[in-house]
Amino acid sequence: MSDTPLLSVRALTKRFGGRVACHDVSFDLWPGEVLGIVGESGSGKTTLLNCLAGRLEPDAGSVSYETASMGTVDVHRLSEARRRLLARTEWGFVNQDARDGLRMGVSAGANIGERLMAIGARHYGEIRGSASEWLGRVEIDLDRLDDRPTTFSGGMRQRLQIARNLVSNPRLVFMDEPTGGLDVSVQARILDLLRGLVDRFHLSAVLVTHDLGVARLLTHRLMVMQGGAVIEQGLTDQVLDDPQHAYTQMLVASILPV
Amino acid sequence: MLPVLRVSGLNKSFVMHAQGGLALRVLEDVALSVAPGECLALVGPSGAGKSTLLRSLYGNYRPQTGSIRIRHREAWVELANAEPRTTLDVRRHTLGFVSQFLRVIPRVATVDVVAEPMLRLGATPEQARDRAQFLLSLLGIPERLWQLPPATFSGGEQQRVNIARSLIADYPVLLLDEPTASLDVANRDGVIDLIRQRREAGAAIVGIFHDTAVRDALATRLHNVALPGAQA
Ligand SMILES: Nc1ncnc2c1ncn2[C@@H]1O[C@H](COP(=O)(O)OP(=O)(O)OP(=O)(O)O)[C@@H](O)[C@H]1O
Ligand SMILES: Nc1ncnc2c1ncn2[C@@H]1O[C@H](COP(=O)(O)OP(=O)(O)OP(=O)(O)O)[C@@H](O)[C@H]1O
Ligand SMILES: [Mg+2]
Ligand SMILES: [Mg+2]
């Protein structure tokens with residue numbers, strides 16, 4: 001077992017005006033772990049994810065990340081340029097709204113290829129080859145390679161966003177409802193793909209989802225949020241099978257068996 | 001043989017917030033230990049807390065107090081209130097659980113569902129598939145089903161797939177919750193043989209067996225389970 005967490009989060013708090021969106025959140029994410037975040041709408045999941053990835057400045061607390069080659073960095077003390085470099089080379093971020101995670105004005109192929117070029121790929125044929133391969137993996141027809149995401153359905157955009165983020169082999173992916181809005185068979189395919197990456201390449205991830213079935217299949221650990229605070233956490237099967245907090249019990253009781 | 005699993009002072013209640021915080025006491029001061037080559041059968045009436053105890057041993061249920069220590073990587077590890085990654089590491093290498101029901105993974109072929117735990121332990125895909133196919137045929141799953149996802153299988157077929165998946169890694173400690181519940185006699189005997197082989201090879205086993213024939217065939221000792229306050 002590794003002795004250094006990949007991500008170490010301490011007492012993270014974020015307010016918007018007077019409203020606390022995220023309160024005193026602490027946890028460690030270990031290499032190869034998938035951490036799920038569940039909770040009701042407005043409970044602070046997206047805010048937390050944005051703070052973890054350095055996209056939002058927290059009011060208090062810290063996020064340190066163990067880089068592949070530069071040692072441990074404090075995500076919120078990095079220069080914007082270095083944070084962007086990290087985001088391009090070691091991370092992925094799948095947005096809740098695919099329009100925020102894609103470049104809507106360029107083709108699907110370019111959306112995927114751009115990530116590869118950001119990590120130094122230059123050979124046009126190879127970039128196009130990888131783009132086609134990933135389009136296939138997320139089950140988008142290859143003849144859509146040159147179409148813009150504006151012409152795609154919501155579910156296709158989400159799949160394109162996932163391909164764009166995974167093509168560069170990130171070490172850590174932040175995912176905000178990655179399978180929301182996908183029909184079940186495509187969702188199963190994406191879950192299968194992500195499980196494979198976690199098993200084979202020890203991909204680590206923080207995954208926000210409202211779907212406890214997705215959480216059960218994909219995550220090792222679960223944090224439950226309510227009103228900006230983490231009210232319960234543990235192994236995913238512990239939280240789902242033996243929920244302790246009133247809110248978690250209600251959440252688990254109100255779904256079909258998973 | 002020295003025990004490899006030692007449980008003491010284990011207490012578990014379920015607090016049900018939807019019922020106004022009603023607390024249901026299920027385990028009170030449970031103690032047991034199991035050595036390699038032993039199969040401890042949990043016995044007691046329905047609702048007595050047998051599955052609750054077994055799930056607590058697996059780290060699936062969270063007991064309020066008590067100690068669950070297991071030999072893992074040549075050291076004692078405390079499983080009660082362990083860090084998630086500790087429990088996961090113990091489950092990956094040391095502790096297997098055979099539940100009554102298979103949790104189906106969408107779109108994954110049966111042979112890969114079975115092979116997965118061995119792959120995670122670092123086996124090559126060929127080794128894992130060979131072993132998976134060996135176990136599937138031993139458990140009487142017809143070859144034409146191996147490439148299909150088990151979602152559409154019968155209850156008994158799914159249970160045998162589940163057993164194959166849970167036994168593909170040679171866990172030194174095994175927990176079994178009614179492993180033969182939905183099997184016919186022929187398949188039941190196959191499962192008994194497989195589990196007995198594990199026991200004779202030195203696995204420490206804790207099991208729940210409703211079927212007395214299965215219990216007689218496997219158990220080396222009994223452990224009574226009763227709700228707190230009930231006459232054992
Ligand atoms: N940029 C912002 N400015 C002001 N308030 C914000 C902003 N972003 C989020 N909030 C508020 O912070 C709280 C948490 O929002 P957040 O988006 O993190 O919730 P969420 O858990 O992701 O919800 P959902 O499941 O609906 O996506 C909400 O009350 C929201 O209105
Ligand atoms: N997750 C849970 N939440 C709340 N109560 C639970 C939970 N799991 C078990 N219980 C309760 O604990 C008691 C013991 O249940 P358990 O499943 O351990 O019994 P058992 O001895 O395995 O019974 P059976 O032989 O019928 O399988 C029951 O009253 C049950 O309702
Ligand atoms: Mg959100
Ligand atoms: Mg039971």
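Sequence lines set the chain letters: A, B, ... in the order given, protein chains first and strands last, and positions in each chain run from 1.
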>> For a quick test of reading the model, state the closest non-hydrogen atom pair linking A:Ala188 to B:Arg107 and the distance between them.
In response: CB-CD, 3.7 Å

> Closest approach of B:Pro84 and A:Gly234, non-hydrogen atoms and distance?
Replying inline: CG-C, 4.4 Å

Got more than 12 heavy atoms from elsewhere within 6.0 Å of [atom1], [X]?
X: B:Asp89; atom1: CG; answer: yes
X: B:Gln64; atom1: CD; answer: yes
X: A:His23; atom1: NE2; answer: no

Side chains of residues 222-232 of chain A: which donor-acceptor pairs under 3.5 Å do they make with residues two or more places apart or in other chains?
{"unit_1": "A:Glu232", "atom_1": "OE1", "unit_2": "A:Gln244", "atom_2": "N", "d": "3.2"}
{"unit_1": "A:Glu232", "atom_1": "OE1", "unit_2": "A:His245", "atom_2": "N", "d": "2.9"}
{"unit_1": "A:Glu232", "atom_1": "OE1", "unit_2": "A:Thr248", "atom_2": "OG1", "d": "2.8"}
{"unit_1": "A:Glu232", "atom_1": "OE2", "unit_2": "A:Gln244", "atom_2": "N", "d": "2.9"}
{"unit_1": "A:Glu232", "atom_1": "OE2", "unit_2": "B:Arg62", "atom_2": "NH2", "d": "2.6"}

>> Donor-acceptor check, side chain of A:Gln238 to backbone of B:Gly59, threshold 3.5 angstrom: yes or no?
In response: yes

>> Looking only at heavy atoms and a cut-off of under 4.5 Å, which of A:Arg221, A:Gln187, A:Arg195, A:Met250 has the most pairs with chain B?
In response: A:Arg195

Is [X] close to chain A through its backbone or its side chain, or both, or neither, when contacts mean heavy atoms under 4.5 Å?
X: B:Tyr58; value: neither
X: B:Glu116; value: side chain
X: B:Val15; value: backbone
X: B:Arg85; value: both

> With a 4.5 angstrom heavy-atom cut-off, which part of A:Val184 approaches chain B: side chain, backbone, both or neither?
Replying inline: neither

> Relative to chain B, which segment of A:Leu217 carries a heavy atom at a distance below 4.5 Å: side chain, backbone, both, or neither?
Replying inline: side chain

>> Rounded to the nearest 0.5 Å, what separates atom CG in A:Leu235 from atom OG1 in B:Thr87?
In response: 5.0 Å

> Ion pair present between A:Asp242 and B:Lys12, side-chain N to carboxylate O less than 4.0 angstrom?
Replying inline: yes

>> Check this for me: does any side-chain nitrogen of one of A:Asp237 and B:Arg91 sit under 4.0 Å from a carboxylate oxygen of the other?
In response: yes

